[in-house]
Amino acid sequence: MDLERELRLAMAERVDGASAPEALVTAVRHRHHRRVVRRRVAVAAIAAGVAVAVVAPGYQSVRSTPTGVDRTLPAHPQVSPSPARVQPSVPRATQTVPSPGGVVGAPPSAPTGASPGGRQTQPSSHSGLPPNLSWVTYLPAGLKSAGPCLLERAGGRQNTTCQWTGGADWFKVDVIRGPALARVEELGPPSVTARHTTVHGHPALNTESPDGSARIVWIERSGVGVIVVVSRSLKGQLARIAGGIRP
């Protein structure tokens with residue numbers, strides 16, 4: 001006898017006519033549906049993760065910086081000019097420089113510090129003039145610069161000549177600079193009529209010319225000499241004009 005077959009027949013006779021409750025069938029169906037949904041969601045999540053892992057590196061490599069976001073660029077070192085390219089300037093043998101009474105190319109005007117009465121003033125560092133040309137501290141009334149000063153170099157010396165005029169009045173100043181300049185006689189042969197005097201406590205020679213003009217010559221310091229020449233009308237102010245020269 002086939003034991004397995006007998007068991008199946010006995011079980012069939014036992015449950016013949018029996019049916020499962022409706023609630024049990026519904027519960028089985030719902031459980032089966034949830035299991036299918038979970039499997040589908042899990043499969044979809046895995047597929048999405050794989051897609052992101054594949055696409056993200058390429059997106060990161062090609063995306064551009066959003067508008068409005070500042071980017072810091074690497075600083076580039078500044079290139080200094082090569083010393084070999086710097087060409088030293090060569091002074092000209094003769095050139096013009098601003099006169100103490102005005103600026104080159106500008107209309108002549110009264111020097112800074114000079115008053116209508118010709119008062120003694122002190123040179124100002126705020127006059128707008130180079131310090132080496134602001135050494136005229138006194139001007140007679142009515143005089144103005146006759147033009148730019150002239151700068152000449154010859155024989156190892158440098159001569160700066162400036163002149164002021166006003167009607168028949170005029171005076172001229174020469175400042176001579178040279179390393180070997182030490183005596184008044186080196187500024188020109190003295191006249192037999194020259195009178196000895198002093199300017200700023202330094203020995204000086206005062207002479208008069210046949211045309212009525214007068215001049216005074218002195219060594220301000222070693223290497224710097226001064227010559228002042230005035231018109232006949234300003235002869236009485238020669239000492240005061242010379243005393244206002246501070247080269």
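Note that these values count all heavy atoms, side chains included, but never hydrogens, waters or copies made by symmetry. Starting from 1, each residue takes its place in the sequence as its number.
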Check: Between Ser233 and Ala168, which heavy-atom pair has the shortest distance, and what is it?
Finding: OG-O, 3.8 Å
Item checked: Sub-4.5 Å side-chain heavy-atom contact between Arg31 and Arg34 -> yes
Check: If you take all heavy atoms of Thr207 and Ala194, which pair is closest and at what distance?
Finding: CG2-CB, 3.2 Å
Check: Do you know the tightest heavy-atom contact between Ala204 and Val199?
Finding: CB-CG2, 3.9 Å
Checklist line | Closest non-hydrogen atom pair, Arg221 against Pro247 | finding: NH1-O, 3.0 Å
Checklist line | Identified side chain to side chain contact (heavy atoms under 4.5 Å, CB included) counterpart of Val175 within the set Leu151, Val224, Asn159, Val228 | finding: Val224
Note to self: If hydrophobic residues (ILVMFWY) are linked whenever their side-chain heavy atoms come closer than 4.5 Å, directly or via other members, who joins Trp170 in its cluster?
What the structure shows: Ile176, Leu181, Val184, Leu187, Leu205, Val217, Ile219, Ile227, Val229
Item checked: Parallel, tilted or perpendicular: ring planes of Phe171 versus Trp164, cut at 30 and 60 degrees -> parallel
Check: Are Glu220 and Arg246 close enough, and set up right, to give a salt bridge (Lys or Arg N to Asp or Glu O under 4.0 Å), and what steps lead you there?
Finding: CA-CA 8 Å; Glu220 178 67 24; Arg246 301 282 182 172; 5.2 Å; no
Next item on the list: List the atom of Ala214, the atom of Lys235, and the distance in Å for their closest heavy-atom pair.
Entry: CB-CG, 3.9 Å
Next item on the list: Begin with the C-alpha distance, continue with both residues' side-chain angles, and end with the deciding distance and a verdict on side-chain contact (heavy atoms from CB on, under 4.5 Å) for Ile216 and Val230.
Entry: CA-CA 9 Å; Ile216 191 167; Val230 300; over 6 Å; no
Check: Hey, is the main chain of Gly147 close enough, under 3.5 Å, to the side chain of Ser145 for a donor-acceptor pair?
Finding: yes
Check: By side-chain hydrogen bond (donor to acceptor under 3.5 Å, both in side chains), which residues pair with Asn206, not counting sequence neighbours?
Finding: none
Next item on the list: Can you see which heavy atom on Ala242 is nearest to which on Trp218, and at what distance?
Entry: O-CH2, 3.7 Å
Notebook entry, point to check: Counting N and O atoms only, with roles assigned by atom type, does the side chain of Ser213 sit under 3.5 Å from a partner on the main chain of Arg232, one being a donor and the other an acceptor?
Noted result: no
Checklist line | Any side-chain heavy-atom pair of Lys172 and Thr161 under 4.5 Å | finding: yes
Please tabulate, for the side chains in residues 36-48, all donor-acceptor contacts under 3.5 angstrom to protein atoms that are two or more places apart in sequence or on a different chain.
none

Margin query: Can you tell whether the side chains of Arg157 and Glu186 come within less than 4.0 Å, N to carboxylate O?
Written below: yes
